[in-house]
Amino acid sequence: MAEPTFKAPKGTRDILPPESGRRRALIDAFAQQAELAGFGEIMSPIFEDLGVFKRLGESTDVVTKEMFDFFDKGDPPQHLALRPELTASVCRAFAEHRPTPPWKVWYEGPQFRYEQPQAGRYRQFAQVGIETLGTDDPQADVDAIALGWHFYASLGLREITLLLNSLGDPTCRPAYMEALRTYLSDNAASLSPQSQVTLERNPLRVLDSKRAEDAAIISAAPLMVDFLTDETREHFETVRAGLDQLGIPYELSPRLVRGLDYYTRTTFEFAADALATAQNAVGGGGRYDGLVEDLGGPATPGIGFALGVDRILLACDAEGVFTTPESAVKVFVVDVTGGSHALGVCTTLRNAGIGADRSYGGRSMKAQMKVADRSGAPFAAIIGEDEVVNGEVTLRDLRGDTGQQRIALADLAEHVARLLS
RNA sequence: GUGGGCGUAGCUCAGUUGGUUAGAGCGCCUGGUUGUGGUCCAGGAGGUCGGGGGUUCGAAUCCCCUCGUUCACCCCA
């Protein structure tokens with residue numbers, strides 16, 4: 001094959017039409033639902049000071065090995081990084097602007113992680129998400145989870161499992177971490193070599209191991225839920241009660257830890273059971289009550305989630321739902337008089353809000369009709385010498401069996417609008 | 001970062017133990033229908049077989065290197 005000179009960088013890809021239209025429809029749907037719930041859109045920079053993301057935790061892979069970072073041309077140069085996620089950016093913005101809480105924002109956009117690509121994992125990937133800052137009311141947790149849950153349902157997805165856990169807070173986490181570390185250290189010899197390394201960095205994440213040899217040790221490990229303080233336990237119970245009230249099913253997942261260090265109390269993940277790939281988490285989130293303060297802002301609790309657009313679409317493919325939207329072109333103008341008459345007809349239709357397209361290059365009627373057919377437009381408007389003389393067009397039904405008829409040019413837009421309604 | 005699979009036409013893939021001008025289906029273009037698509041028929045365009053080196057009289061086919069891609073681990077959306 002003649003190799004093109006340039007290709008999209010590893011882990012990135014071009015999203016071409018019509019697939020791009022499907023993604024936009026997904027984002028539009030999310031935007032609408034978030035706005036209905038009182039969230040406003042935040043548009044933050046695609047890169048930030050590296051320090052913003054370091055607060056995600058020095059023991060996380062996202063910070064230690066997956067950051068796209070670079071220096072700018074300043075003097076001294078600033079160390080910047082492409083955002084690997086958006087929660088930290090939102091918290092940075094909160095600390096910077098001090099909006100009145102509760103502050104509810106939604107977002108969408110690309111994020112970047114330097115990883116080996118595989119099914120459902122890209123170096124540039126897209127997420128939609130929400131964050132609620134300034135309240136630790138468990139009702140806010142329920143609202144957030146419900147918004148995510150109903151969003152998947154609105155796309156037509158049925159095979160989504162909500163996994164729920166509480167990771168405790170700074171008053172109860174240390175005792176648990178100590179118990180977990182002791183237990184895992186005592187059994188370190190039975191753990192996989194990789195998990196022994198992970199144990200040194202962050203014992204919590206050993207619970208995430210998918211290796212078979214770790215399963216036995218992990219299944220007998222102490223659980224966070226047994227170490228929760230009364231207050232944290234009550235918070236968690238209230239979240240669960242709210243989900244029950246809304247009829248949202250969930251699965252308690254006491255070993256769900258999530259990859260970022262900032263999570264406290266409520267954590268959750270949405271898994272797409274229809275995905276056969278290793279990456280079946282289509283969304284995740286939780287509380288991060290200390291993050292704004294870490295970034296230099298006032299002590300501010302927060303709850304939010306991010307949903308992976310790429311993976312959601314893979315899940316939709318697997319379930320055969322949320323298919324590509326049909327073309328906006330309703331009339332394909334076939335002009336065999338040279339093409340200049342199509343200019344006016346297309347303009348008239350478009351100005352009337354009716355999608356119209358045409359072909360170029362003065363091709364034969366047969367060729368133009370083929371293009372009209374492929375365009376997906378329900379109608380073809382044919383212009384020949386005869387129509388021009390009479391100030392008419394021939395409107396042909398490409399999808400049904402009503403044939404074709406002559407329409408006065410002046411009546412075309414109105415006539416088509418009536419047929420489409 | 002680690003391991004496995006795969007790189008032949010725009011796409012999906014065949015290419016027998018290495019043997020003349022490298023094939024199919026789909027898609028695309030033209031014609032059959034000098035004003036009519038979707039079905040059908042005929043013809044056509046399109047490939048330095050990912051790249052480099054080696055073995056050989058001869059390599060898409062065998063060997064080495066390299067790049068890309070894909071799946072998995074790690075981790076995450």
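Basis for what follows: all heavy atoms, side chains included, without hydrogens, waters or symmetry-related copies. Lettering follows sequence order; numbering is per chain, from 1.
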> Rounding to an integer number of Å, can you tell me how far Phe151(A) CZ sits from A77(B) P?
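It is 17 Å, rounded to the nearest whole Å.
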> In whole angstroms, how far is the P atom of G68(B) from the CZ atom of Phe6(A)?
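Spelled out: CZ on Phe6(A) to P on G68(B) is 14 Å.
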> Should we count CZ of Arg350(A) as having more than 12 external heavy atoms under 6.0 Å?
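Yes, CZ of Arg350(A) has more than 12 neighbouring heavy atoms, counting only those of other groups under 6.0 Å.
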> Side chain of Gln118(A), heavy atoms from C-beta onward: which of C74(B), U2(B), A77(B) has the nearest atom to it?
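The closest nucleotide is C74(B).
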> Across the strands shown, which category fits Arg205(A) at heavy-atom distances under 4.0 angstrom: base, sugar-phosphate, nothing?
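Result for Arg205(A) = sugar-phosphate.
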> Just name whichever nucleotide pairs with C11(B), Watson-Crick or G-U, keeping both distances under 3.5 Å, else none.
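C11(B) is paired, partner G25(B).
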> Starting at CD of Gln139(A), measure out to CD1 of Ile303(A) and round the result to the nearest 0.5 Å.
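The CD1 atom of Ile303(A) is 12.5 Å from CD of Gln139(A), to the nearest 0.5 Å.
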> Out of G37(B), G31(B), A72(B), which nucleotide sits closest to the side chain of Gln279(A)?
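Within the option list, the nearest is A72(B).
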> Describe the nucleic acid contact of Ala119(A) in one word from base, sugar-phosphate, nothing, applying a heavy-atom distance below 4.0 Å.
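Sugar-phosphate: the residue Ala119(A), judged by heavy atoms under 4.0 Å, touches backbone atoms but no base.
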> Examine the base of G37(B) for any acceptor or donor lying under 3.5 Å from a partner atom in the side chain of Asp373(A), and report the outcome as yes or no.
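Side chain to base: pair present.
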> Measure the spacing between OG1 of Thr266(A) and CZ of Phe236(A) and express it to the nearest 0.5 Å.
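Nearest 0.5 Å value for the OG1-CZ distance: 7.0 Å.
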> Could you check how far CZ of Arg123(A) sits from P of A77(B), rounded to whole Å?
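Result: 18 Å.
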> Watson-Crick or G-U wobble partner for U36(B), using a 3.5 Å limit on both distances?
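Checking every strand shown, U36(B) finds no partner, since no pair has both distances under 3.5 Å.
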> Nearest 0.5 Å please: distance from the CD atom of Glu108(A) over to the CD1 atom of Ile42(A).
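Taking CD in Glu108(A) and CD1 in Ile42(A), the distance rounds to 12.5 Å.
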> Tell me which nucleotide among G68(B), A72(B), C74(B) gets nearest to the side chain of Lys7(A).
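Of all the options, the side chain of Lys7(A) is nearest to G68(B).
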> Whole Å only: how far is the CG atom of Asp335(A) from the P atom of U36(B)?
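Distance check: Asp335(A) CG to U36(B) P gives 15 Å.
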> So which nucleotide from C75(B), U36(B), A72(B) ends up closest to the side chain of Met369(A)?
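Out of C75(B), U36(B), A72(B), the nucleotide with an atom closest to Met369(A)'s side chain is U36(B).
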> Identify which nucleotide among G38(B), U30(B), A72(B) has an atom closest to any side-chain atom of Thr277(A), counting heavy atoms from C-beta outward.
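Selected nucleotide: A72(B).
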> Could you check whether the side chain of Arg121(A) and the base of C75(B) have a donor-acceptor pair of N or O atoms closer than 3.5 Å, going by distance alone?
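Answer yes: a donor N or O sits under 3.5 Å from an acceptor.
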> Check this one for me: any side-chain N or O of Thr198(A) less than 4.0 Å away from OP1 or OP2 of C75(B)?
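Yes, within the criterion.
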> Quick one: label Gly129(A) by what it contacts on the DNA or RNA (base, sugar-phosphate, nothing), any heavy atom closer than 4.0 Å.
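Nothing, no nucleic acid heavy atom in range.
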> Between A45(B) and G5(B), how far apart are the C1' atoms? Round to whole Å, please.
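Nearest-Å result for G5(B) against A45(B) at atom C1': 34 Å.
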> Counting only distance, no hydrogens or angles, is the base of G38(B) paired donor-acceptor with the side chain of Arg374(A) under 3.5 Å?
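No, the side chain and the base share no sub-3.5 Å donor-acceptor pair.
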> Quantified in whole Å, what is the P atom distance between nucleotide U30(B) and nucleotide C67(B)?
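Rounded to whole Å, the distance is 43 Å.
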> Do Arg265(A) and Asp289(A) sit within salt-bridge range, that is, some charged N less than 4.0 Å from a carboxylate O?
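Yes.
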> Regarding Gln111(A), tell me which of base, sugar-phosphate or nothing describes its non-hydrogen contacts under 4.0 Å with the strands shown.
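Counting heavy atoms under 4.0 Å across all strands, no contact is made by Gln111(A).
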> Between C62(B) and U17(B), how many Å separate the two C1' atoms, rounded to a whole number?
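Per the computed distance, 12 Å lies between those C1' atoms.
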> If we call it a pair only when both distances are under 3.5 Å in a Watson-Crick or G-U wobble match, what pairs with U55(B)?
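Its partner: none found.
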> Measuring from Arg113(A):CZ to Leu82(A):CG, what's the distance to the nearest 0.5 Å?
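The CZ atom of Arg113(A) sits 12.5 Å away from the CG atom of Leu82(A).
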> Now, which nucleotide makes the Watson-Crick or G-U wobble pair with U30(B), with each of the two distances under 3.5 Å?
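Pair assignment: U30(B) / A42(B).
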> Hey, does the Lys NZ or Arg CZ of Arg123(A) hover above the aromatic six-ring of Tyr114(A), less than 6.0 Å from the centre and inside 45° of the axis?
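Here Arg123(A) passes the 6.0 Å and 45° test against Tyr114(A).
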> Starting from the 5' end of RNA chain B, give me the residue, Val206(A) or Ala278(A), whose nearest nucleotide shows up first.
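Its nearest nucleotide lies further toward 5', so the answer is Ala278(A).
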> Ring centres of Phe270(A) and Tyr152(A) under 6.0 Å apart?
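Here the rings of Tyr152(A) and Phe270(A) have centres that are less than 6.0 Å from each other.
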> For nucleotides 33-35 of chain B, give me every protein contact, N/O to N/O, under 3.5 Å, one pair per line with atom names.
from, atom 1, to, atom 2, distance (Å)
G35(B), O6, Asp386(A), N, 3.4
G35(B), O6, Glu387(A), OE1, 3.3
G35(B), N1, Glu387(A), OE1, 2.8
G35(B), N1, Glu387(A), OE2, 2.9
G35(B), N2, Glu387(A), OE2, 2.6

> Roughly how many Å is it from CD in Gln368(A) to P in G38(B), rounded to a whole number?
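Rounded to whole Å, this separation is 14 Å.
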> Check the distance between A77(B)'s P and Phe30(A)'s CZ and give it to me in whole angstrom.
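In whole Å, A77(B) P lies 15 Å from Phe30(A) CZ.
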> For atom P, what is the distance between U61(B) and A77(B), given to the nearest Å?
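It works out to 44 Å between them.
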> Determine the interatomic distance between P on A14(B) and the same-named atom on G50(B); round to the nearest Å.
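Pairwise P distance, A14(B) against G50(B), rounds to 14 Å.
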> Please report the distance, rounded to the nearest Å, between CZ in Arg396(A) and C1' in G38(B).
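Rounded to the whole Å, the gap is 10 Å.
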> Ala342(A) and Val333(A): which non-hydrogen atoms are nearest, and at how many Å?
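Taking every non-hydrogen atom into account, CB-CG1, 3.7 Å.
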> Describe the nucleic acid contact of Leu398(A) in one word from base, sugar-phosphate, nothing, applying a heavy-atom distance below 4.0 Å.
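Result for Leu398(A) = base.
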> Main chain of Thr198(A), side chain of Asn202(A): is a donor-acceptor contact present, judged purely on distance under 3.5 Å?
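Between the backbone of Thr198(A) and the side chain of Asn202(A) there is no qualifying donor-acceptor contact (under 3.5 Å).
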> Who is the Watson-Crick or G-U wobble partner of U2(B), with both distances under 3.5 Å?
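Paired with U2(B), as far as the under-3.5 Å criterion goes, is A72(B).
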> Using the P atoms only, state how far U39(B) lies from U20(B), rounded to an integer number of Å.
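Approximately 37 Å lies between the P atom of U20(B) and that of U39(B).
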> Provide the Watson-Crick or G-U wobble partner of G18(B), both distances under 3.5 Å; none if there is no partner.
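Pair assignment: G18(B) / none.
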> How far does the C1' atom of G43(B) sit from the matching atom of C71(B), given to the nearest Å?
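That atom pair is separated by 43 Å.
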> Closest nucleotide of RNA chain B for Pro117(A) versus for Phe270(A): which of these residues is on the 5' side?
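Final value for this comparison: Pro117(A).
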> Could you tell me the separation between the CZ atom of Arg399(A) and the P atom of G38(B), rounded to a whole number of Å?
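Roughly 12 Å, once rounded to whole Å.
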> What's the gap between U66(B) and G3(B) when it is taken at their P atoms, as a whole Å value?
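Straight-line distance between the two P atoms is 12 Å.
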> Write down the atom of Pro84(A), the atom of Phe125(A), and the distance for their closest heavy-atom approach.
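Nearest pair, atom of Pro84(A) first, then Phe125(A): O-CZ, 3.7 Å.
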